[in-house]
Amino acid sequence: MIKKKETRDTRISFHELKSLLRAIFVNNGTAAETADILAENCAACERDGALSHGIFRMPGYVDSLKSGWVDGLAVPDVTRFGPSFIRIDARNGFAQRSLAAADPLIRSAVRETGIAVAAIRNSHHFSALWPDVEPFALSGHMAITAVNGLANVVPHGGRQAVYGTNPIAFAVPVENAEPLVVDQATSVMANGEIRLHALAGKPVPDGTGVDREGNHTTDPLAILAGGALNTFGGYKGSSIALFVEILAGAITSGQFSFENDFTGFPGAQTPKAGQLLIVIDGNWGGSTNFEARLAHLCTQLIDAGQDRLPGARRFANRSVAERFGIPIAQDKLQGLRMLAGEEP
Ligand code: NDP
């Protein structure tokens with residue numbers, strides 16, 4: 001069956017979308033403070049056209065909360081350890097709540113020592129990473145983050161999933177411009193993309209993944225039914241996925257991706273993993289004009305023929321949505337209103 005292309009035929013303000021999403025989180029057992037943070041994050045993804053982590057994710061959040069796999073009421077435990085390290089135990093809650101709780105300590109550590117390292121464990125991350133790094137770039141710093149997840153990616157040449165789609169992101173300020181924000185999975189394709197190919201009955205390109213026996217396949221259903229994705233970029237990309245696993249799963253003392261086990265939690269979807277965030281004041285490296293240097297670098301990239309900078313697509317979508325509202329399909333909006341407990 002070929003799925004019809006979805007038409008986003010109406011518009012909603014950021015504020016209204018955020019309050020609908022907030023109500024859904026609260027209705028499903030999330031503390032008000034956490035609901036606020038997650039709703040802001042999810043609405044921002046939808047606004048920026050980061051659609052794989054916008055409202056598309058709401059059923060997964062709700063099912064995970066209902067299953068008891070993630071604790072919507074968890075209050076993170078935040079400790080400053082030494083001058084620059086901040087350790088956070090998310091206590092089986094969402095990573096974004098942990099980051100918000102640690103934000104003042106992260107900013108103090110950067111101010112006092114030029115660098116902060118925040119290590120989050122026992123956390124669930126079900127969103128894009130750019131919302132975690134972009135605010136630091138807007139404050140003039142570089143931020144780098146990595147998250148591991150559910151084992152659904154084979155190491156190069158492997159036959160069994162070990163890694164998650166293990167995203168990594170970084171952001172830096174650019175003089176007189178939007179920040180430069182790079183945010184990408186380390187798998188050849190995001191898991192949501194495979195699901196979309198399966199729904200459309202379309203094969204995936206050669207090299208995307210393997211079936212449950214570890215044989216290469218272009219059948220998205222075989223990848224989803226016990227198979228796995230490949231990492232991007234052959235053995236070099238595979239080592240970047242390994243790097244993420246070490247940063248997010250080992251340094252944090254969180255779980256490795258292959259240690260996730262949904263047994264006993266039907267409906268659970270959010271990966272329980274770890275996250276490492278490093279924030280650096282670029283001027284501590286000796287530069288007195290960090291942002292101007294980065295503007296110079298970006299200009300070189302465009303002059304060299306790169307058609308756009310990473311993050312530029314999102315900023316363009318954001319600017320249109322701020323003027324005209326966020327495009328959304330009427331039936332999806334209706335579905336959100338019902339989940340939020342509004343009258344039909
Ligand atoms: P994409 O391949 O769509 O984009 C990766 C990066 O490349 C983005 O910064 C993007 O900028 C940039 N980019 C894309 N096209 C170009 C171009 N032509 N020129 C220059 N830059 C470009 O992302 P992925 O599919 O790999 O990942 C999608 C999202 O999924 C990410 O936000 C990631 O964090 C998230 N994710 C989350 C996971 C989790 O466990 N929480 C797991 C895996 C992925 P732009 O945004 O402007 O398009």
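The model shown is predicted, which means the values in this text are computed figures rather than measured ones. Just so you know, ligand 1 is whichever comes first in the structure, and atom 1 is the first atom listed for that ligand.
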Taking distance alone, with no angle check, do F126 and ligand 1 share an N/O pair under 3.5 Å? no

For atom 11 (O) of ligand 1, state which one of S52, S257, S187, G311 supplies the nearest heavy atom. G311

Identify, by atom number and element, the atoms of ligand 1 in contact range of H125, meaning under 4.0 Å from any of its heavy atoms. 40 (O), 41 (N)

Counting each atom of ligand 1 from 1 as listed, which ones have a heavy atom of L129 under 4.0 Å away? 34 (O)

Is it true that E16 and R337 have a side-chain N and a carboxylate O under 4.0 angstrom from each other? yes

Option nearest atom 23 (O) of ligand 1 (shortest heavy-atom distance, choices D183, D132, D48): D183

Which of the atoms in ligand 1, numbered in the order shown and given with their element, are less than 4.0 Å from a heavy-atom of T165? 42 (C), 43 (C)

Have a look at ligand 1 and work out which part of M189, if any, has a heavy atom under 4.0 Å from it: side chain, backbone, both or neither. neither

Pairing donors with acceptors under 3.5 angstrom, does anything connect the side chains of N41 and S127? yes

Taking everything shown except N215 itself, do over 12 heavy atoms lie less than 6.0 Å from its CG? yes

Between the side chains of T263 and D261, does any donor sit under 3.5 Å from an acceptor? yes

Heavy-atom count around R318 CZ within 6.0 Å, excluding the residue itself: above 12? yes

Any atoms of ligand 1 less than 4.0 Å from a non-hydrogen atom of Q306? List them with their elements. 20 (C)

If we only count N/O pairs under 3.5 Å, is L309 in contact with ligand 1? no

Closest protein heavy atom to atom 18 (N) of ligand 1, given as residue, atom name and distance to 0.1 Å: D307 OD1, 3.8 Å

Give a yes or no on whether Q160 atom CD has more than 12 heavy-atom contacts from other residues, nucleotides or ligands under 6.0 Å away. no

Look at ligand 1 and say whether A312 reaches it with a heavy atom at a distance under 4.0 Å. yes

Note: ligand 1 atoms sitting under 4.0 Å from heavy atoms of V181 are 9 (O)

Does an N or O anywhere in V147 fall below 3.5 Å from an N or O of ligand 1? no

May I ask you to check whether N148 has an N/O atom sitting below 3.5 Å from an N/O atom of ligand 1? no

Using protein heavy atoms only, decide if any is under 4.0 Å from atom 45 (P) of ligand 1. yes

Starting at OH of Y61, measure out to CG of L339 and round the result to the nearest 0.5 Å. 14.5 Å

Distance below 4.0 Å between atom 2 (O) of ligand 1 and any protein heavy atom? no

Any idea which protein heavy atom is nearest atom 38 (C) of ligand 1, and the distance to it? P167 CG, 3.4 Å

Are H156 and S238 linked by a side-chain donor-acceptor pair shorter than 3.5 Å? no

Is the CD atom of Q306 crowded by more than 12 outside heavy atoms at less than 6.0 Å? yes

A50 heavy atom under 4.0 Å from ligand 1: no

Kindly identify the option in R314, R308, R313, H124 whose heavy atom sits closest to atom 13 (N) of ligand 1. R308

Using a cut-off of 6.0 Å, state whether more than 12 heavy atoms not belonging to R308 lie near its atom CZ. yes

Number the atoms of ligand 1 from 1 as they appear, then name those within less than 4.0 Å of a heavy atom of A185, with their elements. 24 (P), 26 (O), 27 (O), 43 (C), 44 (C)

A student checking ligand 1 against V182 at a 4.0 Å heavy-atom cut-off should list atoms 9 (O)

Got the closest protein heavy atom to atom 29 (C) of ligand 1, with its distance? H53 CE1, 3.8 Å

Given the options R57, K332, R8, E46 meets salt bridge (charged side-chain N to carboxylate O under 4.0 Å, His left out) only with R8

Less than 4.0 Å between atom 7 (O) of ligand 1 and some protein heavy atom, yes or no? no

Compute whether any side-chain donor of one residue and acceptor of the other, for T113 and S84, lie under 3.5 angstrom apart. yes

Under a 3.5 Å cutoff, is there a donor and acceptor pairing between the side chains of S52 and E193? no

Per atom 37 (C) of ligand 1, closest listed option by heavy atom (A190, S127, P131, A128): S127

Just which atoms of ligand 1 are under 4.0 Å from any heavy atom in Q184? 5 (C), 26 (O)

Is the shortest side-chain N to carboxylate O distance from K18 to D36 below 4.0 Å? yes

Taking only Lys NZ, Arg NE, NH1 and NH2, and the carboxylate oxygens of Asp or Glu, determine whether R80 and E112 approach each other closer than 4.0 Å. yes

